[in-house]
Amino acid sequence: MKKESGATFPVWINHVQLPDTKPLKNNVSCDVCVVGGGIAGLTTAYLLAKEGKKVVLLESKEIGGGESSRTTAHLSNALDEQFYNLTKLFGKDGARLACQSHAQAIDKIEAIAKDESIDCDFKRVDGYLVATNPEEEEKLTQELEALQQIGWTDVVLRKHCPVETLSSLPCLHYPNQGRFHVMKYLTGLATAFIKHGGSIYTGTHVRKFDTGTVNTAITTDGHTVTANELVVATNTPVNDLFAIHTKQAPYRTYAIGVQVPKDSVPDALYWDLKDPYHYVRLQKNTTGDERFDLLIVGGEDHKTGQHEHPILCLQELEKWTRIKFPMAEEVLYRWSGQVYEPVDGLAYIGRNPGDTENVYIATGDSGHGMTHGTIAGILITDLIMDRPNPWAKLYDPGRVNLKSAGEFLKENLNVAAQMKDYLTSGEVDDPQQVMPGTGRIMRKGATKVAVYCDQDGVRHQCSAVCPHMGCVVSWNSVESSWDCPCHGSRFDPFGKVVTGPAHTNLGPAKS
Ligand SMILES: Cc1cc2nc3c(=O)[nH]c(=O)nc-3n(C[C@H](O)[C@H](O)[C@H](O)COP(=O)(O)OP(=O)(O)OC[C@H]3O[C@@H](n4cnc5c(N)ncnc54)[C@H](O)[C@@H]3O)c2cc1C
Ligand code: FES
């Protein structure tokens, strides 16, 4: 997997040999076309191929080349949204189903790894939710009560967390969570999918969908895949312009991989209750030096495109890590990625609202995309095989949850507020003020231009207006990309689309 210039580099990428796949060069037809080669798309494709369906998977980049390779790969049904809140939003039965579905997703990953002999470092570990002040201690008690009400009775309140330096206050102890090496898993899953008769085309970007009795995905090269059923698992749907994007918000989150002396931190998952929260875990045998383990620490989330100096987030994360884990030594990896936060805390998985019955989406992953992506595989397979699934209503993308109206309003007012960028002046007045390796927004008459200066000092200009719904992009200095603050579309320094919902590039700069 290639490292983009200036972009950060997740720990997983060094360690795998992806299956040999090529771009689509002709027109094909199949039972199911799956778009997106992350955990959601690949799990769905694999499970459908096992059911005997002829499945074709299309992926713009490489297997796992989207957010899946940027994960920290906690496998957990201790949901970030907290069951205290989920019970209010979905009732006890809904919260219980959510809890069970994520637990079953972990079981599914374990079963697939076993059935297909995928050596992906899967391990069952415990999880700890730690309080660091009395107010948070109170929240732990509330959460424990909610868990008992939905029947998750083996979670216990412990007086102390196993890592003394993390907190001296109580924590909730969740048994039977998990962790794995995501890229080893996805490589094995892709190989197993091909073994079960599936076809994968990488480097194949879908630019248009024609849906109806039969669906067609049309690639940028003009080739087509015609299929009875279409699954769009592109992290955020690129086949939907509006509806879903009002119900979820893009957040950038940061991670570092830091050496710690072997066995100095117990092998478990750790989360705190800050807003944004920190998430921590161990990866064994990854540093290339047997004396060390790798501690993977994530956090410092903010709305995409709405932090002036994203590099500070990585610095803050390292600072926090050194305070809470004083045994931390050299930082070997730094990276960031994007998650979509649904307004009511649960993913949108199922039939695409307002589309024909045979079009499915999986999105709204939040910090639980590994399990949400696996739930997508199980649930969409059941829908396509016309089997009942107890989770279908809970994850229905068309659901309207009036109890989350406050969050819906807050996120959409935030999007509306981004329109102020049309009125403000630019960050620079002249392209020459843009330093090599950076990007800045410049006003040009009534519009705004994104100016990137490459390492050789050549200035490149394109429109700063996002082709999705017209917000003004902003420069992400950590990833060297233009990020849209409204619904999370991202573009490379020259304006080429990297992440939807936009599916076209930034336009030319108007003179
Ligand atoms: C730093 C970080 C830490 C995280 N930690 C955790 C964690 O500990 N546990 C957890 O469960 N989750 C975690 N997550 C979330 C999780 O990684 C994601 O939710 C999950 O990987 C999303 O999977 P996906 O298959 O939906 O999307 P992706 O992996 O992004 O896959 C979508 C694919 O679609 C492709 N695509 C897009 N548009 C097109 C198109 N037009 N044509 C063809 N292909 C297209 C993309 O190239 C991409 O490969 C984390 C995320 C980040 C960023
Ligand atoms: S992503 Fe919606 S306006 Fe840019």
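Worth knowing before you read on, the calculation uses all heavy atoms, side chains too, and leaves out hydrogens, waters and symmetry mates. Both counts, for ligands and for their atoms, begin at 1 and track the order of listing.
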- Task: Everything protein-side that's N, O or S and under 2.8 Å from atom 4 (Fe) of ligand 2: list it, residue and atom.
- Result: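 Short answer, with waters excluded from the count: Cys466 SG, Cys484 SG.
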Please table the atom pairs, donor to acceptor, closer than 3.5 Å between any side-chain atom in residues 345-353 and protein atoms at least two apart or in another chain.
residue : atom : partner : partner atom : Å
Tyr348  : OH   : Lys247  : O            : 2.8
Arg351  : NE   : Glu357  : O            : 2.7
Asn352  : ND2  : Asp355  : OD2          : 3.0

Side chain or backbone of [X] under 4.0 Å from ligand 1, or both, or neither, by non-hydrogen atoms?
X	value
Ala73	backbone
Tyr254	neither
Thr234	both
His503	neither
Thr363	neither

Between [X] and [Y], does the ring centre distance come in under 6.0 Å?
X	Y	value
Phe494	Trp482	no
Trp320	His278	yes
His372	His102	yes

- Query: Does Lys319 NZ have over 12 foreign heavy atoms under 6.0 Å away?
  - Reply: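 Open.
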Any idea which of [options] brings a heavy atom closest to [atom]?
atom	options	result
atom 32 (C) of ligand 1	Gly66, Ala233, Gly178, Pro237	Ala233
atom 19 (O) of ligand 1	Ile361, Ile106, Asp365	Asp365
atom 24 (P) of ligand 1	Leu269, Thr219, Thr43, Asn235	Asn235

- Item | Nearest neighbour in protein (non-hydrogen) for atom 41 (N) of ligand 1 |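 That would be Val206 O, 2.9 Å.
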- Message: For atom 2 (C) of ligand 1, what is the closest protein heavy atom, and at what distance to 0.1 Å?
- Response: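 The closest heavy atom on the protein side is Arg70 O, 3.2 Å.
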- Query: Looking at CD of Glu229 and CG of Leu48, how far apart are the two atoms once the value is rounded to the nearest 0.5 Å?
  - Reply: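 Result: 8.5 Å between the selected atoms.
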- Please lay out, stage by stage, how Cys486 and Cys471 fare under the test disulfide bond (SG atoms under 2.5 Å apart). CA-CA 6 Å; Cys486 287; Cys471 294; 2.0 Å; yes
- Item | Proximal ligand 1 atoms for Val339, defined as those under 4.0 Å from one of its heavy atoms |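 Those of ligand 1 that fall under 4.0 Å from Val339 are 15 (C), 51 (C).
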- Query: Any chance the side chains of Glu62 and Thr202 put a donor and an acceptor closer than 3.5 Å?
  - Reply: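 No, no side-chain donor-acceptor contact under 3.5 Å.
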- So, for Val449 and Ala464, which heavy atoms are closest and what is the spacing to 0.1 Å?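 Looks like C-CB, 3.8 Å.
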- Message: Under the ring-ring contact (aromatic ring centres under 6.0 Å, His included) test against Trp271, which residue among Tyr174, Tyr279, Tyr277 passes?
- Response: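 Among Tyr174, Tyr279, Tyr277, the one that satisfies the ring-ring contact (aromatic ring centres under 6.0 Å, His included) with Trp271 is Tyr174.
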